[in-house]
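Every number for a ligand or one of its atoms is a count from 1 in the order of the listing.
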Amino acid sequence: MRGAGADQISVLVRTMLESKASKNLDHELLRVGFAFHFHRGVQITVTVSSINKMLKLHATDEAVPVTPGMQLVEVTAPASSENYTEVVAAMSSFCEHLAPLLHLSKPGISTGVVPTAAAAAASLMSDGGGTTL
Ligand SMILES: *[C@@H]1O[C@H](CO)[C@@H](O)[C@H](O)[C@H]1NC(C)=O
């Protein structure tokens with residue numbers, strides 16, 4: 001993370017390895033990436049990962065990316081009905097800082113760099129003929 005305030009956030013970086021099977025058990029999926037946990041008023045988790053198909057059982061070394069050159073960025077925070085408003089405000093604020101740092105794309109279509117989280121969401125949700133994963 002770069003930009004104003006970035007060095008004030010203490011971030012824990014963890015390597016992450018997650019394995020799941022597809023519904024029809026046709027192949028295993030391997031998710032590879034990083035998880036960042038930090039407090040910014042609320043506890044926020046950001047994961048940056050790629051999803052890979054494992055063509056041979058348990059062959060993690062031979063996994064093939066489902067969307068080559070693209071990574072999935074997820075931002076999550078635990079919330080309850082009591083603190084929902086506070087969590088939403090913290091998430092929105094964080095996403096406004098994050099949005100200009102991301103080059104957004106959907107499979108087969110690049111949606112470019114966007115200045116705000118709202119523009120990012122609109123861009124990713126627009127009907128761009130992408131394939132649903
Ligand atoms: C909001 O509530 C959830 C569920 O109880 C909790 O895990 C989370 O830490 C709370 N967040 C804040 C900022 O209080």
Return the residue, atom name and 0.1 Å-rounded distance of the protein heavy atom closest to [atom].
atom: atom 13 (C) of ligand 1; result: V42 CG1, 3.4 Å
atom: atom 4 (C) of ligand 1; result: S80 CB, 3.9 Å
atom: atom 11 (N) of ligand 1; result: N83 ND2, 2.9 Å
atom: atom 9 (O) of ligand 1; result: P78 CG, 4.3 Å

field: E28 side chain reached by L30 side chain, heavy atoms, under 4.5 Å
entry: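 They are not in side-chain contact.
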message: Contact between L55 and E62 at the side-chain level, heavy atoms closer than 4.5 Å - yes or no?
response: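 They are not in side-chain contact.
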Give, for atom [atom1] of [X] and atom [atom2] of [Y], the distance between the pair rounded to the nearest 0.5 Å.
X: M70; Y: H103; atom1: CE; atom2: NE2; result: 10.0 Å
X: N52; Y: R31; atom1: CG; atom2: CZ; result: 11.5 Å
X: T47; Y: F36; atom1: OG1; atom2: CZ; result: 9.0 Å

Ligand 1 contact on Q43 by region, counting heavy-atom pairs under 4.0 Å: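 Q43 to ligand 1: no contact under 4.0 Å from either part.
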